[in-house]
Amino acid sequence: MPSYKAPLRDQQFVLHELLGAVDELNALPRYAELDAHTINHVVEEAGKFCEDVLLPTNRPGDEEGCTYDPAAKSVRTPTGFKAAYDAFREAGWQGLAAETEYGGQGLPHLLQIAFYEMQYSTNQAWAMYPGLTIGAYECLLKHASDEQKSLFLPKMTSGEWTGTMCLTEPHCGTDLGMLRTKAVPQADGSYKLTGEKIFISAGEHDMSDNIIHLVLARLPDAPQGTKGISLFVVPKFLPVGSGESATVGARNGVFCGGIEHKMGINGNATCQISLENATGWLVGEPNKGLAAMFVMMNGARLGVGVQGLGITEVAYQNAAAYAKERIQGRALSGPKSPDQPADPIIVHPDVRRMLLTARAYAEGGRAFAYWVALMADHHLHHPDPEKKKFAADMMSLMTPIVKAFMTDSGFDCASQCMQVFGGQGYVQATGVEQFIRDARINMIYEGTNTIQSLDLLGRKVLLDNGAKLRAFGKLVAAFIEENGSDAAMNEFVTPLAELGDKVTKLSTEIGMKALANPDEVGGAAVDYLRVVGHLVYAYFWAKMAKIALERIKADGSSVDPFYRNKLTVARFYFERLLPETAARIRAARSGVKNLLELPAEAF
Ligand SMILES: Cc1cc2nc3c(=O)[nH]c(=O)nc-3n(C[C@H](O)[C@H](O)[C@H](O)COP(=O)(O)OP(=O)(O)OC[C@H]3O[C@@H](n4cnc5c(N)ncnc54)[C@H](O)[C@@H]3O)c2cc1C
């Protein structure tokens, strides 16, 4: 059974030393009183919940999976899931970052992201139930009418009602413009929805009193394609009353026709959902549903990226512990544990390479994702319009990178950590293979990672004439300027500056090629995202290295070893992981011809 300890020391380093969370948040009137003690207390308590309540449900939940009852069209979640959810709900965790107006605690998104990370480390399948509810809550908060908000949000904040996102249909996943679910207006202002949705996470289960589906559908006179999609709220049970005192009434015509048997996240019900003249209400404006749903999709993309981080961290912790215990072979330079028949495998350089890869992606990813969450708080609540705009631009630019870079790396790191276990990792007893199975979906759902890379290069960089990328580039340039003359920082600043220049050139080059042939974007996008992702990680690793160097300088030999270790991992990142960019740039520059030349029939 895998073990897990909340990475509190590193979380506190990121929150306080890297991001300056207290000052950054105190600048927002809403969080003017928030102090370090409260921040640390929330993260510590959240960590305890994940260690004590969620982790024990992870392995059994994977083995048992969800059970579908065709007679009742109901789903039973694995043993222990509901009890964990009840404990979560009763402790008020569901409303951590929700508005106080609806019963939430109104805390920053930054804390929510820290909690997400630990939930995804300890039980990704379980964490998707409350996670989807938060996404649906945020979408309704932004786009629903006041009446809809008071009807649904208090119960979703308390976790008594959970949420879903119903986009995918059997014939359309990526290309939602083809969706067919119909919504017909009724005299009382409601709509009747008919259609088939597939792959709906948490679409049916036994953890909450009601399930609030956010459904994309077409009105009878809707234009073709994505311009004709509207958003509807469709509850499993029609609500009676409103606010805290709302209860559930008649069963609505939205049913689960079955669940998928799949590679991972077995504790999360992936449902076929059939809408059979189901009653729903329009959210926002007709035909503007996809834009409204993007609130939920963007939130979910950040959440999925953090799933990659959570898996990386837990896989690393378990692989590191194993590598210190498992004895096998001798160090090439001579025995390190001469009193034992062999050395622990952590003496072998390549075992360390695998462990350090996971650690560098976990710590770099934590710095990056928490910063993006801080940008979310700035975007929502900063009193300075310029800072608000900057934060919005950064969230827009970084969302595809969080989603794709962190989940690609998460899967790779889970695989590297399994390798550390050797054959013990491949068999089920150690529980490590579950991390790989769970991590694999993160690259697919919420828009595949290819789609994320097209979003980054096509929409966020080229269509924007590079403006948002330049705004991030200014942060990088300011850091280089500030530290360029510090000899101790040279090993970090020089490669960061070089990569910044290369990204600028690469973006321009692809942009020029795309003018002549738009397929060039599709040919370069995945490699491009890896390159920009590394630019972002290099920036955060360089900043972390600077903090570590300063502390080492100030404290000398009495320095907390945490800082020496941070510096060592920073060096590993720059020397061993960042060079991936050279191959990626070369591949991206090779052009699309080598991909399109082979005729389709020759495949
Ligand atoms: C376990 C699980 C849970 C899910 N949960 C939900 C949920 O809660 N709600 C929901 O609505 N959906 C959900 N999904 C659906 C998920 O979001 C889709 O599977 C995903 O968006 C991809 O769609 P698709 O499967 O139809 O693949 P397709 O769209 O058929 O894509 C197939 C391949 O073609 C590539 N491709 C497609 N179009 C392009 C293009 N234009 N350019 C380049 N490449 C392209 C894709 O990248 C992919 O590699 C879930 C899926 C799974 C498996």
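Read the numbers this way: they start at 1 and go in the same order the structure lists the ligands and their atoms. Note that these values count all heavy atoms, side chains included, but never hydrogens, waters or copies made by symmetry. Computed from a predicted model, the values in this text were never measured in an experiment.
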Spacing of Phe255 atom CZ and Ser74 atom OG [to the nearest 0.5 Å]: 12.0 Å

CG of Asn298 to CE of Met395, rounded to nearest 0.5 Å, is 7.0 Å

With a heavy-atom distance limit of 4.0 Å, tell me whether [X] approaches ligand 1 through its side chain, its backbone, both, or neither.
X: Glu446; value: backbone
X: Thr270; value: side chain
X: Thr450; value: side chain
X: Leu454; value: side chain

Could you check whether any side-chain N or O of Glu313 sits under 3.5 Å from a backbone N or O of Glu117, counting only pairs where one atom can act as donor and the other as acceptor? no

Within-cutoff protein neighbour (heavy atom, under 4.0 Å) for [atom]:
atom: atom 35 (C) of ligand 1; value: no
atom: atom 53 (C) of ligand 1; value: yes
atom: atom 30 (O) of ligand 1; value: no

Polar side chain donor-acceptor pair, [X] to [Y], under 3.5 angstrom:
X: Lys192; Y: Thr279; result: yes
X: Tyr528; Y: Ser507; result: yes
X: Thr164; Y: His213; result: yes

[atom] - nearest protein heavy atom and its distance:
atom: atom 10 (C) of ligand 1; result: Thr168 OG1, 3.3 Å
atom: atom 21 (O) of ligand 1; result: Gly447 N, 3.9 Å
atom: atom 8 (O) of ligand 1; result: Ser201 N, 3.0 Å
atom: atom 26 (O) of ligand 1; result: Gly173 CA, 3.2 Å

Answer yes or no: does an N/O atom from [X] fall short of 3.5 Å to an N/O atom of ligand 1?
X: Asp175; value: no
X: Phe199; value: yes
X: Thr174; value: yes
X: Cys172; value: no
X: Tyr445; value: no

Among Asn449, Thr448, Thr164, which one puts a heavy atom closest to atom 22 (C) of ligand 1? Thr448

[X] and [Y]: aromatic ring centres closer than 6.0 Å?
X: Tyr191; Y: Trp281; result: no
X: His205; Y: Phe81; result: no
X: Tyr137; Y: Phe152; result: no

Using 30° and 60° as the class limits, which term best fits the ring planes of Tyr120 and Tyr116: parallel, tilted or perpendicular? parallel

Classify the angle between the aromatic ring planes of Trp126 and Phe49 as parallel (below 30°), tilted (30 to 60°) or perpendicular (above 60°). tilted

Atom indices of ligand 1, in the order listed, that fall short of 4.0 Å to a heavy atom of [X]:
X: Ile441; value: 1 (C), 2 (C), 52 (C), 53 (C)
X: Ile444; value: 20 (C)
X: Met165; value: 7 (C), 8 (O), 9 (N), 10 (C), 11 (O)
X: Ile451; value: 39 (C), 40 (C)

Apply the test side-chain contact (heavy atoms from CB on, under 4.5 Å) to residues Gln452 and Arg301: give CA-CA distance (whole Å), side-chain angles for both, the deciding distance (0.1 Å), then the verdict. CA-CA 9 Å; Gln452 303 303 320; Arg301 285 173 181 184; 3.4 Å; yes

Run through Thr174, Val521, Thr448, Asn449 and flag the one making a side-chain contact (heavy atoms from CB on, under 4.5 Å) with Leu454. Val521

